[in-house]
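Every number for a ligand or one of its atoms is a count from 1 in the order of the listing. Numbers here simply count residues along the sequence, with the first being 1. In what follows, every heavy atom counts, from backbone to side chain, and hydrogens, waters and symmetry copies are set aside.
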Amino acid sequence: MTIMKGVDLEIVEYLFSAEKECREVMKVTDRYPELTFDEAYSIQEKLIQRREMDGVRKIGLKLGLTSKAKQEMMGVHEAIYGYLTDDMLALEWEPVDFTDFIHPKAEPEIAFFINEELQGTNVTAEDVLRVTKFVAPAIEIIDSRYLNFKFTLADVIADNCSSSKLIIGSKWMSPAGLELGQLGMVMTKNGQVVQTGSSAAVLGHPAVSVAWAVNKLGERGKGINKGDVILSGAVSEAISFEQNDTILVQFAELGGVSFSCKSST
Ligand code: OOG
Ligand code: MG
């Protein structure tokens with residue numbers, strides 16, 4: 001341990017209240033530069049427990065930094081994971097409220113619906129596909145609690161990987177028969193194309209990304225469960241949005257998912 005006992009709970013409260021009060025804060029490593037990834041994951045776990053005490057429920061997992069481009073940008077060689085909770089679920093037909101966010105960005109994702117428990121440290125993409133009942137198009141809204149959306153890897157892990165909201169499209173398909181590793185994607189904002197990409201950007205195949213997370217959880221004696229929803233990682237860079245904006249993500253085969261942001265009045 002490089003941080004003192006008790007300090008972890010102080011950091012948990014710090015991040016918990018920043019999110020609750022929709023306030024950006026200095027990154028944790030400004031104060032604790034020695035924070036390790038392992039300690040950051042412990043803080044993340046305690047932050048989720050704190051949020052559970054506040055009435056939220058875990059519904060699954062999300063992956064971050066799954067593209068080579070994003071990893072290079074951060075100067076790292078590993079993806080990261082965080083938890084999804086029921087209060088993060090937003091709906092296509094209900095505009096999100098911009099005032100609920102600090103500086104949100106939207107990104108295209110593929111969601112996995114898990115139908116069977118899976119735990120281990122040698123889990124493969126095939127194992128993941130075997131326990132996946134459906135995949136669906138999704139949008140994740142990330143909203144770092146840190147000033148100007150800037151952080152180190154340890155910071156973002158502690159902050160539950162910037163998780164804020166997710167929207168899942170209505171077309172759910174079995175992964176069998178889908179070329180899940182090479183689905184084209186187009187993202188528009190108010191009708192203008194803002195990103196294009198392919199599901200191959202997610203560690204070569206989104207199921208590889210989910211397998212990575214299961215193995216990482218396995219090292220901590222945990223796994224994924226029946227009923228879990230997993231966001232496998234952004235297919236392109238995240239895009240900022242503001243009041244009145246509409247974001248639409250369309251995947252080949254899987255179809256579209258969208259959300260709008262309420263006006264301020
Ligand atoms: C971390 C979360 C990234 C993804 O899909 O890559 C993420 C961040 O960039 O704030 O969710
Ligand atoms: Mg994401």
Contact check, side chains of C161 and K62, non-hydrogen atoms, under 4.5 Å: yes
Determine whether a donor-acceptor pair (N or O, by modelled atom type, separation under 3.5 Å) exists between the side chain of N115 and the backbone of K133. no
For ligand 1, which atoms, with element, lie under 4.0 Å from some heavy atom of K62? 2 (C), 7 (C), 11 (O)
Where ligand 1 meets F149 - atom numbers and elements under 4.0 angstrom, heavy-atom basis: 10 (O)
Please confirm whether E109 approaches ligand 1 to less than 4.0 Å, judged on its heavy atoms. yes
So if I count the atoms of ligand 1 from 1 in the order they appear, which ones are less than 4.0 Å from some heavy atom of F151? 8 (C), 10 (O)
In the protein, which heavy atom is nearest to atom 10 (O) of ligand 1, and how far is it? S162 OG, 2.6 Å
F251 side chain reached by V186 side chain, heavy atoms, under 4.5 Å: no
Polar contact flag for A234 and ligand 1 (N/O pairs, less than 3.5 Å): yes
Report the relative orientation of the aromatic rings in F259 and F241; use parallel for angles under 30°, tilted for 30 to 60°, perpendicular for over 60°. perpendicular
For Y83 and Y81, take the angle between the two ring planes, folded into 0 to 90°, and tell me which bin it lands in: parallel under 30, tilted 30 to 60, perpendicular over 60. perpendicular
Does the side chain of Q119 come within less than 4.5 Å of V214's, by heavy atoms? no
Give a yes or no on whether a salt bridge exists between R51 and D54, defined as a side-chain N under 4.0 angstrom from a carboxylate O. no
Does the side chain of C261 come within less than 4.5 Å of T246's, by heavy atoms? no
Does E13 have more than 12 heavy atoms from other residues, nucleotides or ligands lying within 6.0 Å of its CD? yes
Per-atom contacts, ligand 1 versus K70 - under 4.0 Å to a heavy atom: 3 (C), 4 (C), 6 (O), 9 (O)
Only heavy atoms of L65, strictly under 4.0 Å: list the atoms of ligand 1 that pass. 4 (C), 6 (O)
Min side-chain heavy-atom separation L180-V135 under 4.5 Å: yes
Using a strict cut-off of 4.0 Å, indicate which atoms of ligand 1 neighbour a heavy atom of G233. 5 (O)
Tell me: protein heavy atom nearest atom 2 (C) of ligand 1, and distance? C161 O, 3.3 Å
How far is atom 4 (C) of ligand 1 from its nearest protein heavy atom, and which residue and atom is that? E107 OE2, 3.1 Å
Proximal atoms of ligand 1 relative to E140 (non-hydrogen, under 4.0 Å): 11 (O)
List every atom of ligand 1 that sits less than 4.0 Å from any heavy atom of V156, numbering the atoms from 1 in the order shown and giving each element. 1 (C)
Any L166 side-chain heavy atom under 4.5 Å of E109 side chain: no
List the steps and the verdict of side-chain contact (heavy atoms from CB on, under 4.5 Å) for S144 and D159. CA-CA 7 Å; S144 172; D159 185 32; 3.9 Å; yes
Protein N/O/S count near the Mg ion (ligand 2) (criterion: distance under 2.8 Å): 3
Are L147 and K27 packed together at the side-chain level, in the sense that at least one heavy-atom pair is separated by less than 4.5 angstrom? no
L63 contact mode with ligand 1 (heavy-atom cut-off under 4.0 Å): backbone
